[in-house]
Amino acid sequence: MERASSLLKIQPPTYGNLITILSIDGGGIRGIISATILTYLESQLQELDGEDARLADYFDVISGTSTGGLVTAMLAAPNENNRPLFAAKDIKPFYLEHGPKIFPQKRGMFRSLRNTLKLLVGPKYNGKYLYKVIKEKLGETRLHQTLAHVVIPTFDVKQMQPTIFSTYEVKKSHCLDARLSDICISTSAAPTYLPAYQFENQDEEGNVREFNLIDGGVAANNPALVAISQVTKQVFDENPDFFPIKAMDFGRFLVISIGTGSAKVEQKYTSKMAAKWGVLGWLLHGGSTPLVDVFTQASDDMVDFHISVVFQALHSEDNYLRIQEDSLTGTDSSVDVSTKENMDRLVEIGDNLLKKPVSRVNLETGLSEPVKNGGTNEEALKKFAKILSNERRLRELKSPHTNKGFGISPQFN
């Protein structure tokens with residue numbers, strides 16, 4: 001039976017027990033996998049609170065890198081009714097429709113050679129269709145207008161340092177309040193695949209800042225730790241939304257981190273192969289780009305390991321859920337193979353991932369292993385949905401800014 005809940009923006013953590021974070025990895029066309037997982041999570045929230053429930057109604061922060069940054073914007077940007085622009089169930093069809101045009105596949109017997117030659121002189125894709133569709137969907141919406149706090153990493157090649165687009169920071173750094181479309185294009189500009197992106201943003205006082213950006217995966221392909229750091233910074237800065245939470249109170253964090261899959265161990269490369277590579281070898285091998293694969297995989301795993309250490313040390317490991325498929329093979333592990341066959345396969349991988357057991361990193365080996373009696377990812381998401389729903393209700397009851405009693409508040413319907 002559906003329970004009533006308000007359509008108001010989620011109340012601050014001050015009025016609840018938890019700080020809720022949703023993190024979405026980068027991975028190009030493999031975003032189909034994370035879209036499948038997110039669709040299931042939102043469906044469980046809708047079973048509890050009605051069909052108009054959206055992920056942005058339950059998370060204090062949604063963070064995403066590259067393709068995950070685009071998904072973040074789609075989930076948090078407002079439509080004309082000031083509700084999320086996309087439901088989670090709309091994201092997978094978005095990929096299936098636009099993926100083949102964002103990553104057009106060359107055909108013919110010399111396809112591999114043409115791709116290799118193109119990579120030697122510039123990015124594999126010109127990005128024009130991606131720019132067009134992102135600007136059409138997100139329009140003039142700016143960072144501060146999102147319905148939940150968002151954190152989207154990029155990397156500035158001119159400054160040689162990360163640039164984090166965070167709704168928490170725009171109050172102090174007004175030049176960061178860029179169009180969501182510019183932010184999404186920037187965080188998706190994966191080296192060798194899509195061009196670096198340059199734009200300028202002007203604040204209300206006329207100050208202009210220039211950005212020269214590439215894929216956020218260079219800094220944090222798994223952005224969960226960036227999101228946690230942004231929240232922790234707010235606690236240090238004594239943001240009243242986080243009173244009386246302490247800076248190191250990680251037991252208050254609830255984190256769901258969604259991966260886009262990684263290659264099976266010992267599947268892609270070996271040290272014997274890599275020992276012979278020069279610059280071109282690291283940039284081009286077997287139709288892929290080993291250097292990009294390595295730094296994104298390293299980012300994913302190191303973030304997961306770090307968060308796992310902290311949460312397990314504080315005996316709050318049940319508050320951290322990492323869902324990742326780590327046995328992709330062949331074109332499944334590619335970021336840009338957008339054939340119908342491969343995209344259908346990615347949908348299947350996402351569906352199967354829901355049925356797999358919950359896994360957690362072994363702090364001794366660094367490998368992800370099934371949790372004893374941990375159930376499936378599907379069961380874990382159902383449990384987390386109940387926690388998220390209850391947390392939202394607790395905040396509404398305690399906040400002076402909402403009506404008391406769910407019978408008074410508008411119902412999701």
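When reading the values below, keep in mind they use all heavy atoms of this one structure, side chains included, and skip hydrogens, waters and symmetry mates.
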For [X] and [Y], indicate whether the former's side chain and the latter's backbone hold a donor-acceptor pair under 3.5 Å.
X    : Y    : value
R83  : E80  : no
T72  : G68  : yes
S229 : L225 : yes
S389 : K386 : no

Salt bridge or not between [X] and [Y]? Use side-chain N to carboxylate O under 4.0 Å.
X    : Y    : answer
K158 : E210 : yes
K355 : D351 : no
K382 : E378 : no
R54  : D57  : no
K124 : D336 : yes
R209 : D156 : no
R360 : D318 : yes

*asked:* Let's go through Y58 and D49 carefully: what are the C-alpha distance in whole Å and the side-chain angles of both, what is the deciding distance for side-chain hydrogen bond (donor to acceptor under 3.5 Å, both in side chains) to 0.1 Å, and is it a yes or a no?
replied: CA-CA 11 Å; Y58 298 87; D49 295 331; 2.5 Å; yes
Do [X] and [Y] have a side chain donor and acceptor closer than 3.5 Å?
X    : Y    : value
T20  : D60  : yes
N342 : T331 : yes
R395 : N390 : no

*I would like to know whether E169 and K233 meet salt bridge (charged side-chain N to carboxylate O under 4.0 Å, His left out); could you show each step before the answer?*
CA-CA 10 Å; E169 298 297 325; K233 186 177 179 182; 3.3 Å; yes
*For H98, does the NE2 atom have more than 12 heavy-atom neighbours from other residues, nucleotides or ligands under 6.0 Å away?*
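More than 12 within 6.0 Å, yes.
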*asked:* Filter on salt bridge (charged side-chain N to carboxylate O under 4.0 Å, His left out), then keep only pairs touching residues 15-29, sequence neighbours left out; what's left?
replied: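 Qualifying pairs: D25-R322.
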*Taking the six-membered ring for Trp, are Y125 and Y193 parallel (under 30°), tilted (30 to 60°) or perpendicular (over 60°)?*
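Because their plane-to-plane angle is under 30°, the rings of Y125 and Y193 count as parallel.
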*asked:* Over 60° means perpendicular and under 30° means parallel, so tell me whether F211 and F165 are parallel, tilted or perpendicular.
replied: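 F211 and F165: tilted rings.
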*Evaluate ring pair (Phe, Tyr, Trp, His ring centres under 6.0 Å) for F103 paired with Y95, printing each intermediate quantity in order.*
CA-CA 11 Å; F103 302 118; Y95 277 97; 9.1 Å; no
*Candidate pair S327 and E325, rule side-chain hydrogen bond (donor to acceptor under 3.5 Å, both in side chains), full reasoning*: CA-CA 6 Å; S327 60; E325 174 57 72; 2.4 Å; yes
_salt bridge (charged side-chain N to carboxylate O under 4.0 Å, His left out) for K383 and E379? Distances and angles first, verdict last._
CA-CA 6 Å; K383 181 187 76 172; E379 291 167 340; over 6 Å; no
